[in-house]
Every structure is written in structure tokens, then in C-alpha cells.
Amino acid sequence: MRKMIGAALVVAAAGMAPAFADGHGKQMSDHAVTYAFDGSFDDATFAVESAIVGQGLVIDYVSHTGDMLERTKGDVGSDVKIFEAADIFLFCSATVSREVMEADAANISFCPYSIYVTDIDGDVRVGYRTYPEGEMQKVQALLDGIVQEAVAE
């Protein structure tokens, strides 16, 4: 069981590899969009928090995923350090959420929305998961705007 969980973590981390890079620090895969951040992890998390709050949104929770993975790696039979640091900010937008859920109540499955900050060997990146075509592109546009604001600071 431990080996399966450890292998799943390695596969998940490997899945973060970009499928496309645009030359301006933006990378896209089939499930995520990330932007390079010119600064430290702490500066990036502050910039993301400021950009989210600056949109009038409330951060519901910050998941310290990098700390959890590092703390539990031995418990799952791994010795791989995936991130120097990794946090995920969870939040929702009453306006955008209402719009997308009025179009399809099943869109609740995408809430809350998240933006993550990672540091892998000094490469600090800010990103978010991609969403399906249609109404959920409103959420993706919101997230992209917040991330672009954060990386521009």
C-alpha cells in the first residue's frame, strides 16, 4: 500500500510537467496553467493573497501541501522531496459561482476554486487547474486574471 501511495505521489508530481511553454513564463498542460514568478516563494504567496483579496474575495483556506508531502514522505515509503514549498489558496466568488451554477448546478463540483504557488529547486511558479469549455471558462478567466496580477507585482 505504501509503495502504491508513494508511486502515486511521484506520478502526480511528474504530471505537473508542462506540455507547452510560451516564452513569457506561462506553461500549460492538459490540466493546469502556471506562470513563472520572479521572486521568492514567500513573495509569491503574499502576491497571490493580495491579488485574491484585492478582487474582493475571501480566502477560505490555505493548504500547506508542500509541508504535508515532506512531513509524510517516509510514512508512504518515499524519500523524494517534490517541492521546496507548495501552498494552495482556496476561495470562491459569489458572483461567478452563481453564474456558472445557475447555468448548471453540477458546476458546484468545481468549487472552491484554487490557486497554487510552488517552489521546485528555486523555480517559483503560480498556477491554477484548467476548467472545461463553456460556462466554467468564466472561472478560468477569473483565476487567470488573479494569477497574472500576482506575477506582475
Side-chain angles (χ1 to χ4, degrees), residues 1-19 25-98 100-101 106-132 136-153:
M1 179 69 167
R2 285 184 182 194
K3 287 183 180 180
M4 287 177 24
I5 294 170
L9 290 173
V10 171
V11 169
M16 293 180 61
K26 180 179 180 181
Q27 294 180 341
M28 297 172 57
S29 73
D30 61 347
H31 64 276
V33 176
T34 64
Y35 290 85
F37 184 85
D38 187 20
S40 71
F41 177 82
D42 289 339
D43 288 345
T45 58
F46 180 78
V48 167
E49 182 177 354
S50 297
I52 293 168
V53 172
Q55 292 285 320
L57 304 171
V58 175
I59 297 168
D60 295 320
Y61 182 72
V62 179
S63 174
H64 303 287
T65 306
D67 291 344
M68 178 275 299
L69 289 169
E70 185 62 21
R71 182 179 65 252
T72 60
K73 71 182 179 187
D75 297 335
V76 299
S78 178
D79 61 356
V80 176
K81 183 171 188 160
I82 301 170
F83 303 103
E84 297 302 315
D87 285 350
I88 304 171
F89 293 82
L90 302 169
F91 59 95
C92 221
S93 163
T95 305
V96 175
S97 294
R98 175 160 293 280
V100 301
M101 288 178 214
N107 285 335
I108 193 171
S109 65
F110 297 107
C111 200
Y113 314 125
S114 63
I115 293 176
Y116 59 85
V117 180
T118 61
D119 178 346
I120 301 174
D121 297 327
D123 179 23
V124 178
R125 302 196 65 80
V126 179
Y128 57 90
R129 64 181 279 183
T130 57
Y131 290 87
M136 289 307 295
Q137 287 301 298
K138 293 175 183 174
V139 173
Q140 189 160 325
L142 170 69
L143 297 177
D144 197 67
I146 292 169
V147 170
Q148 286 193 47
E149 180 181 331
V151 299
E153 289 186 5

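These numbers were taken from a predicted model, which means no experiment stands behind them. Residue numbers run from 1 in the order of the sequence given.
Contact record, Ile120 with Phe83: CG1-CD2, 3.7 Å, taken as the closest heavy-atom pair. Minimum interatomic distance between Ser93 and Tyr113 (heavy atoms only, all atoms of both residues): N-CE1, 4.0 Å. Counting all heavy atoms, side chain and backbone alike, Val124 lies closest to Ala44 at CG1-CB, 3.7 Å. Val151 approaches Phe37 most closely through the heavy-atom pair CA-CD1, 3.9 Å. Across Leu90 and Pro112, no two heavy atoms sit closer than the pair CB-CG, 4.2 Å. Scanning all heavy atoms of the two residues, the minimum distance from Arg125 to Lys26 falls at NH2-C, 4.2 Å.
With sequence neighbours excluded, no residue forms a side chain to side chain donor-acceptor pair (under 3.5 Å) with Thr95. Partners of Glu149 according to the salt bridge (charged side-chain N to carboxylate O under 4.0 Å, His left out) rule, which considers only residues two or more places apart in sequence or in another chain, do not exist here.
In this structure, Phe89 and Val117 have side chains that are in contact, with non-hydrogen atoms separated by less than 4.5 Å. Looking only at side-chain heavy atoms (C-beta outward), Ile146 and Leu57 come within less than 4.5 Å of each other. Taking the side chain as every heavy atom from C-beta outward, Phe41 and Glu84 never approach each other to under 4.5 Å. Using a 4.5 Å heavy-atom cutoff, the side chains of Val126 and Ile115 are in contact. Looking only at side-chain heavy atoms (C-beta outward), Ile88 and Tyr128 stay at 4.5 Å or farther from each other. A 4.5 Å side-chain heavy-atom check between Met101 and Arg98 finds every atom pair outside the cut-off. For the pair Tyr116/Ser114, no side-chain contact is recorded, criterion being any heavy-atom separation below 4.5 Å from C-beta on.
The environment of CZ in Phe46 is sparse: at most 12 heavy-atom neighbours from other residues, nucleotides or ligands sit within 6.0 Å. Around CG of Asp123, the count of heavy atoms belonging to other residues, nucleotides or ligands within 6.0 Å exceeds 12.
Put simply, the side chain of Asn107 gets close to the backbone of Val100: a donor and an acceptor are under 3.5 Å apart. Between the Ser29 side chain and the Ala32 main chain, a donor and an acceptor come within less than 3.5 Å of each other. Panel note: side chain Ser97, backbone Ala94; no donor-acceptor pair is recorded below 3.5 Å.
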- Item | Stepwise side chain to side chain contact (heavy atoms under 4.5 Å, CB included) check, Gln27 with Tyr35 | CA-CA 6 Å; Gln27 294 180 341; Tyr35 290 85; over 6 Å; no

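Here the CE-OG1 distance, from Met28 to Thr130, works out to 8.0 Å after rounding to the nearest 0.5 Å. Between atom CD of residue Glu70 and atom NZ of residue Lys81 there is a gap of 4.5 Å, rounded to the nearest 0.5 Å. Note that the CZ atom of Arg129 and the CG atom of Asp30 stand 11.5 Å from one another [nearest 0.5 Å]. Rounded to the nearest 0.5 Å, atoms CG (Leu143) and NZ (Lys138) are 14.5 Å apart.
A donor-acceptor pair shorter than 3.5 Å cannot be found between the side chains of Gln140 and Asp144. Side chain to side chain, Gln137 and Tyr131 fail the donor-acceptor criterion of an N or O pair below 3.5 Å.
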